Amino acid sequence: MKARTWMIWVAIVLLTVLPLWLVSAPPAEPGAEAPSVFGGADERAQQAIGSIAPDYKPWFSPVVEPASGEIASLLFALQAALGAGVIGFWLGMSVTRERARRTAAQNQPPAAQHQDRRAD
């Protein structure tokens, strides 16, 4: 591999690892336990709502409650993978369709190309 390629890979690894390594936990509020470094926004929102309006009652309850946090993470990862698959499929089909159009346009005889341009 070229030196430039190695430098790019090192930069990618550093940009991925350094933020995780250098992050520090946010300070704990008085009388509360220290917040987790990578806690979700949902938990923080619940805590904020609880401190602003202690007798707040949620409007809805979940239809299906996952048995554990791991299962919830699995479902979230599956949802993200499915979404990425749909977007990737759409993008691949769009690129393939455009290439097919260009190939078909290049394979047309010159007279047919001229007629297609006049129709537009």
Side-chain angles (χ1 to χ4, degrees):
M1 293 175 106
K2 293 181 179 182
R4 184 176 182 181
T5 305
W6 278 107
M7 287 174 37
I8 291 173
W9 278 109
V10 167
I12 289 171
V13 169
L14 287 176
L15 287 172
T16 304
V17 173
L18 281 179
L20 298 174
W21 184 45
L22 297 175
V23 71
S24 61
E29 293 183 16
E33 63 183 57
S36 62
V37 176
F38 296 108
D42 293 343
E43 183 179 327
R44 284 204 167 157
Q46 288 175 350
Q47 291 172 353
I49 291 170
S51 67
I52 294 170
D55 42 328
Y56 172 79
K57 300 217 183 321
W59 295 358
F60 302 100
S61 61
V63 176
V64 177
E65 187 72 34
S68 68
E70 290 84 6
I71 293 175
S73 295
L74 171 70
L75 292 174
F76 182 77
L78 287 174
Q79 177 185 357
L82 181 64
V86 168
I87 291 170
F89 178 77
W90 175 81
L91 188 59
M93 288 297 294
S94 297
V95 169
T96 303
R97 187 177 300 125
E98 184 60 30
R99 284 183 185 160
R101 285 182 187 153
R102 286 183 184 169
T103 304
Q106 288 175 351
N107 292 338
Q108 284 183 351
Q113 287 180 359
H114 183 65
Q115 288 175 353
D116 286 345
R117 287 187 190 144
R118 284 192 313 184
D120 291 337

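Since we're looking at a predicted model, the values are computed, not measured.
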Visitor: Do W9 and T5 have side chains that approach each other closer than 4.5 Å (heavy atoms only, starting at C-beta)?
Guide: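 Yes - at least one pair of side-chain heavy atoms lies under 4.5 Å apart.
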Visitor: Would you kindly confirm whether V10 and V17 end up in one hydrophobic cluster when ILVMFWY residues are joined by side chain heavy atoms under 4.5 Å apart?
Guide: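 Different clusters.
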Visitor: I'd like to know if I49 and F60 are part of one continuous hydrophobic network [Ile/Leu/Val/Met/Phe/Trp/Tyr, side-chain heavy atoms within less than 4.5 Å].
Guide: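 As far as the 4.5 Å side-chain criterion goes, I49 and F60 are connected within one cluster.
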Visitor: Same cluster or not: are L82 and I87 linked, directly or through other Ile, Leu, Val, Met, Phe, Trp or Tyr residues, by side-chain heavy atoms under 4.5 angstrom apart?
Guide: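 No: no chain of side-chain contacts under 4.5 Å links L82 to I87.
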Visitor: Please report the shortest heavy-atom distance between P19 and L14, naming the atom on each side.
Guide: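 Looking at all heavy atoms of both residues, the shortest contact is CD-O, 3.8 Å.
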Visitor: Indicate, with yes or no, if V95 and V86 share a hydrophobic cluster defined by side-chain heavy-atom contacts under 4.5 Å among Ile, Leu, Val, Met, Phe, Trp and Tyr.
Guide: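 Each belongs to a different hydrophobic cluster.
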Visitor: Going from OG1 on T103 to CD on E98, what distance comes out if it is rounded to the nearest 0.5 angstrom?
Guide: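 If I round to the nearest 0.5 Å, the distance is 9.5 Å.
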Visitor: Roughly how far, to the nearest 0.5 Å, is the CG atom of L15 from the CG atom of L20?
Guide: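 Interatomic distance, L20 CG to L15 CG, rounded to 0.5 Å: 11.0 Å.
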Visitor: Assess whether atom CZ of F89 is packed by more than 12 heavy atoms of other residues, nucleotides or ligands within 6.0 Å.
Guide: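 Counting neighbours around CZ of F89, 12 or fewer heavy atoms of other residues, nucleotides or ligands fall under 6.0 Å, so no.
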